[in-house]
Amino acid sequence: MVNWTAEEKQIISAIWAKINIEEVGAAALTRLLVVYPWTQRYFSNFGNLSSPTAIEGNPRVKTHGKKVLTSFGEAVKNLDNVKATFDKLSQLHSDKLHVDPQNFKLLGDNLIIVLAATLGKDFTSEAQAAWQKLVGVVAAALSRNYH
Amino acid sequence: MCMAPKPWTFLSFPETKTYFAHFDLSSGSRQVQAHGKKLADALTLAVSHLDDLPAALSSLSDLHAHKLKVDPINFKYLSHCLLVTLARHHPGNMNPEVHASLDKFLSYVSNILTSKYR
């Protein structure tokens with residue numbers, strides 16, 4: 001089980017409450033596909049990903065970004081039980097989607113950069129530390145059932 | 001502004017502190033600030049030599065390989081914190097394309113600084 005301090009939990013929830021899931025989710029996924037173009041390998045059926053502009057305007061990217069971040073929210077709501085929360089999703093990513101777990105780290109770090117850009121000064125160093133821990137925990141939980 | 005990434009790196013990635021056991025790492029530390037400035041100056045130098053980075057960073061590369069021996073993962077941590085700091089301070093300017101260029105630049109600099117490791 002992960003050791004969260006009361007402060008870390010409070011920081012994570014407070015930031016989660018402040019953000020627009022749809023916008024932040026879309027922005028994080030967009031960034032992943034633009035900054036690390038090789039991640040596009042998992043989205044060959046998403047249509048036009050040929051340029052940053054195309055990616056930023058792609059409706060499937062927006063929808064999927066929202067889906068991914070909504071799912072991430074399950075971790076925020078179940079901080080004491082992230083492993084169990086993502087048990088099935090981990091299996092899915094391993095056995096069906098065949099996603100290299102390194103991508104969970106890439107997306108997590110991108111999410112943090114989007115949070116920093118969205119919240120500015122409100123994204124304190126303590127906030128980053130708490131969220132780095134969270135994205136690490138989520139990445140580990142999603143990687144857990146790979147075999 | 002460029003002083004910021006160091007203390008942030010220490011907080012989010014505490015393992016990075018192992019290279020600074022000889023420093024005062026308390027909040028507001030002058031040593032940390034001074035070292036942050038050294039880093040910022042090196043990056044400024046790099047920016048003005050984008051077309052001949054290996055040559056411009058050659059002595060820094062020697063230093064990291066033969067003296068400092070910082071594990072390569074740490075360049076990723078610091079680069080990430082630099083991007084977070086820039087995003088915080090210039091949210092309007094850190095669009096995905098700018099982010100991609102900066103990430104590519106920092107990645108290239110990191111590669112050069114670890115290029116003589118073995």
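Note: hydrogens, waters and symmetry copies are ignored here, and every other heavy atom, side chains too, is used. So you know, we letter chains A, B, ... as the sequences are listed, proteins then strands, and number each from 1.
Contact annotation for T118(A): neither backbone nor side-chain heavy atoms come within less than 4.5 Å of a heavy atom of chain B. For a residue to count as touching a neighbouring chain, one of its non-hydrogen atoms must lie under 4.5 Å from one of that chain's; by this rule E56(A) touches chain B with the side chain only.
D95(A) and H147(A) share a donor-acceptor pair across their side chains, judged by distance under 3.5 Å alone. Side-chain contact of K62(A) with T30(A): a donor-acceptor pair under 3.5 Å is absent, judged by distance alone.
Ring centroids of F20(B) and H35(B) are separated by less than 6.0 Å, placing the two rings close together.
A donor-acceptor pair under 3.5 Å links the side-chain atoms of E8(A) to the main chain of T5(A), judged by distance alone.
By number of non-hydrogen pairs under 4.5 angstrom with chain B, the leading residue of T124(A), L115(A), V114(A) is T124(A).
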